[in-house]
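Here the structure comes first, spelled out in structure tokens, and everything after it is commentary.
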Amino acid sequence: MRMDLKREIDNELSEMTVSNELKNKIYTASYDNSKNHVFYGITRTAAALLVLICLTATTAFAGYNIYNRLLVNQEVLPELDAMKVVNMTPLNVTADNDGWIEKDYDSYKELKNKLGIHLLDSTEAVDNPYMQCHISTDNKDDAVITVDNYILGDTSNYEYSTEDNCYFYEKGSEYFTPVSLTVSMILSQEQLEHGWDVEYLGYYEFAESYVSAKGYKVNVLEDTAEEPSEDYVSEKSAVFVADGVQYTIKGRTSMENIKRIVDSLE
């Protein structure tokens with residue numbers, strides 16, 4: 001009986017689409033508490049709905065490994081290299097009531113030393129006082145590192161806002177924003193089997209897939225504007241997996257700059 005019910009739900013959900021009204025609500029990122037689906041570009045309320053759609057309706061996404069996919073508005077993108085279990089040194093930090101650790105660090109290098117594992121780093125990333133590094137982990141199943149202002153490019157005049165906990169800056173001629181880095185790691189076999197899906201929702205589209213200079217399969221996405229101005233520079237996200245770890249390089253700059261930064265990671 002349960003399988004019949006699930007089959008019926010899957011069939012119905014497979015026919016559902018994301019409305020333009022829902023796409024128009026986009027402005028931030030959400031992470032599903034079941035720890036196997038990350039959403040970019042949508043409010044928490046809308047993401048809660050799409051968790052049900054994307055994780056329950058597996059029949060709607062026939063294709064390669066359904067538990068480790070990169071999607072854009074329900075479109076499954078070309079397969080990346082496989083994620084693997086990473087042996088990370090647990091952080092000696094007090095967790096919250098749900099067992100989660102949220103911790104800020106002054107630099108990416110400092111955090112890498114704490115974790116005791118080799119993670120890729122760009123030769124274009126230099127220590128700067130504006131870097132904001134954060135890790136979210138349960139020390140058991142998964143860990144996500146975000147590094148804002150990872151590469152500054154020709155942006156300038158950084159000023160910190162205590163209210164927003166971020167830096168404001170002036171755009172450059174090549175970089176309209178600094179470049180950020182996201183590192184996603186699977187820490188347990190159970191999480192590996194559970195999966196790690198990432199979906200971009202709303203004003204995003206698949207740009208291209210290529211193999212980097214170091215042999216990584218890379219998918220590049222970019223945002224879209226309804227009426228872009230002449231000086232509009234799209235935000236590009238290059239996603240790839242190296243040694244079982246998923247990396248995302250994101251920023252408003254040229255495709256050539258994004259690809260060069262990917263190639264500089266070692």
Side-chain angles (χ1 to χ4, degrees), residues 26-48 50-51 55 68 83-122 125 127-151 158-169 177-192 194-201 237 239 241 244-251:
I26 298 162
Y27 71 91
T28 186
S30 295
Y31 178 53
D32 175 30
N33 288 332
S34 64
K35 297 188 295 182
N36 68 334
H37 205 107
V38 183
F39 293 94
Y40 287 96
I42 194 162
T43 64
R44 289 184 181 275
T45 302
L50 284 156
V51 166
L55 298 185
N68 294 287
M83 295 185 73
K84 302 175 183 178
V85 176
V86 175
N87 294 317
M88 182 189 87
T89 301
L91 291 172
N92 187 21
V93 178
T94 303
D96 62 19
N97 293 333
D98 296 322
W100 278 96
I101 292 171
E102 303 284 348
K103 176 73 173 175
D104 293 327
Y105 289 87
D106 292 333
S107 73
Y108 181 45
K109 287 183 179 179
E110 178 189 2
L111 178 53
K112 287 196 300 178
N113 290 336
K114 294 282 186 182
L115 301 181
I117 55 177
H118 173 72
L119 295 175
L120 299 186
D121 203 351
S122 172
D127 290 335
N128 70 75
Y130 316 117
M131 187 178 293
Q132 293 180 294
C133 186
H134 180 84
I135 186 169
S136 176
T137 183
D138 61 357
N139 268 341
K140 179 174 65 72
D141 291 317
D142 62 80
V144 177
I145 298 170
T146 56
V147 187
D148 292 329
N149 307 325
Y150 178 59
I151 295 174
Y158 279 73
E159 293 186 6
Y160 181 70
S161 169
T162 54
E163 181 179 353
D164 299 301
N165 188 31
C166 68
Y167 285 93
F168 292 94
Y169 53 86
T177 68
V179 172
S180 67
L181 169 69
T182 301
V183 181
S184 303
M185 296 176 285
I186 291 177
L187 308 180
S188 69
Q189 184 64 32
E190 181 181 4
Q191 180 63 54
L192 184 65
H194 198 46
W196 190 268
D197 285 357
V198 176
E199 179 161 21
Y200 287 74
L201 299 167
S237 296
V239 187
V241 175
V245 176
Q246 186 182 90
Y247 296 85
T248 302
I249 290 290
K250 181 173 68 175

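Since we're looking at a predicted model, the values are computed, not measured. Keep in mind that the numbers below use all heavy atoms, side chains included, and drop hydrogens, waters and symmetry copies.
Contact record, G116 with T89: CA-OG1, 4.0 Å, taken as the closest heavy-atom pair. Smallest separation of non-hydrogen atoms from I135 and L111: CB-CD2, 3.9 Å. The shortest heavy-atom contact between M83 and S184 is CE-O, 3.6 Å. The nearest pair of heavy atoms linking N149 to Q132 is ND2-OE1, 4.0 Å. When all heavy atoms of M131 and S107 are compared, the pair lying nearest together is SD-CA, 3.9 Å. Nearest approach of P129 to Y167, heavy atoms of both residues: O-OH, 3.3 Å.
In this structure, I117 and V245 have side chains that are not in contact, with every pair of non-hydrogen atoms separated by 4.5 Å or more. Residues L91 and L115 form a side-chain contact, since some pair of their non-hydrogen atoms from C-beta on lies under 4.5 Å apart. With a 4.5 Å cut-off on side-chain heavy atoms, I249 and L181 count as touching. Side-chain atoms of D141 and H194, non-hydrogen and from C-beta on, never get closer than 4.5 Å to each other.
Distance check, rounded to the nearest 0.5 Å: CG of D197 to CG of N68 gives 6.5 Å. Separation of atoms OH (Y108) and OG1 (T146) is listed at 11.5 Å; rounding is to 0.5 Å. In this structure, W196 CH2 and I186 CD1 are separated by 7.0 Å, a value rounded to the nearest 0.5 Å.
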- May I have the step-by-step check of side chain to side chain contact (heavy atoms under 4.5 Å, CB included) for K250 and T182, ending in yes or no? CA-CA 8 Å; K250 181 173 68 175; T182 301; over 6 Å; no
- Task: Give the C-alpha distance, both sets of side-chain angles, the deciding distance and a yes or no for side chain to side chain contact (heavy atoms under 4.5 Å, CB included) between L119 and I145.
- Result: CA-CA 11 Å; L119 295 175; I145 298 170; 3.9 Å; yes
- Message: side chain to side chain contact (heavy atoms under 4.5 Å, CB included), that's the test. Do T137 and V144 meet it? Break it down for me.
- Response: CA-CA 6 Å; T137 183; V144 177; over 6 Å; no
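Classified by interplanar angle (parallel below 30°, tilted 30° to 60°, perpendicular above 60°), the ring pair Y130/Y158 is parallel.
The environment of CG in D164 is crowded: more than 12 heavy-atom neighbours from other residues, nucleotides or ligands sit within 6.0 Å. Counting heavy-atom neighbours within 6.0 Å of K109 NZ, excluding the residue itself, gives a total of 12 or less. Within a 6.0 Å radius of CD in E190, other residues, nucleotides and ligands contribute 12 heavy atoms or fewer.
Using modelled atom types, one side-chain atom of Y150 and one backbone atom of S122 make a donor-acceptor pair closer than 3.5 Å.
Legend: salt bridge (charged side-chain N to carboxylate O under 4.0 Å, His left out) pairs involving residues 93-107, not counting sequence neighbours: none detected.
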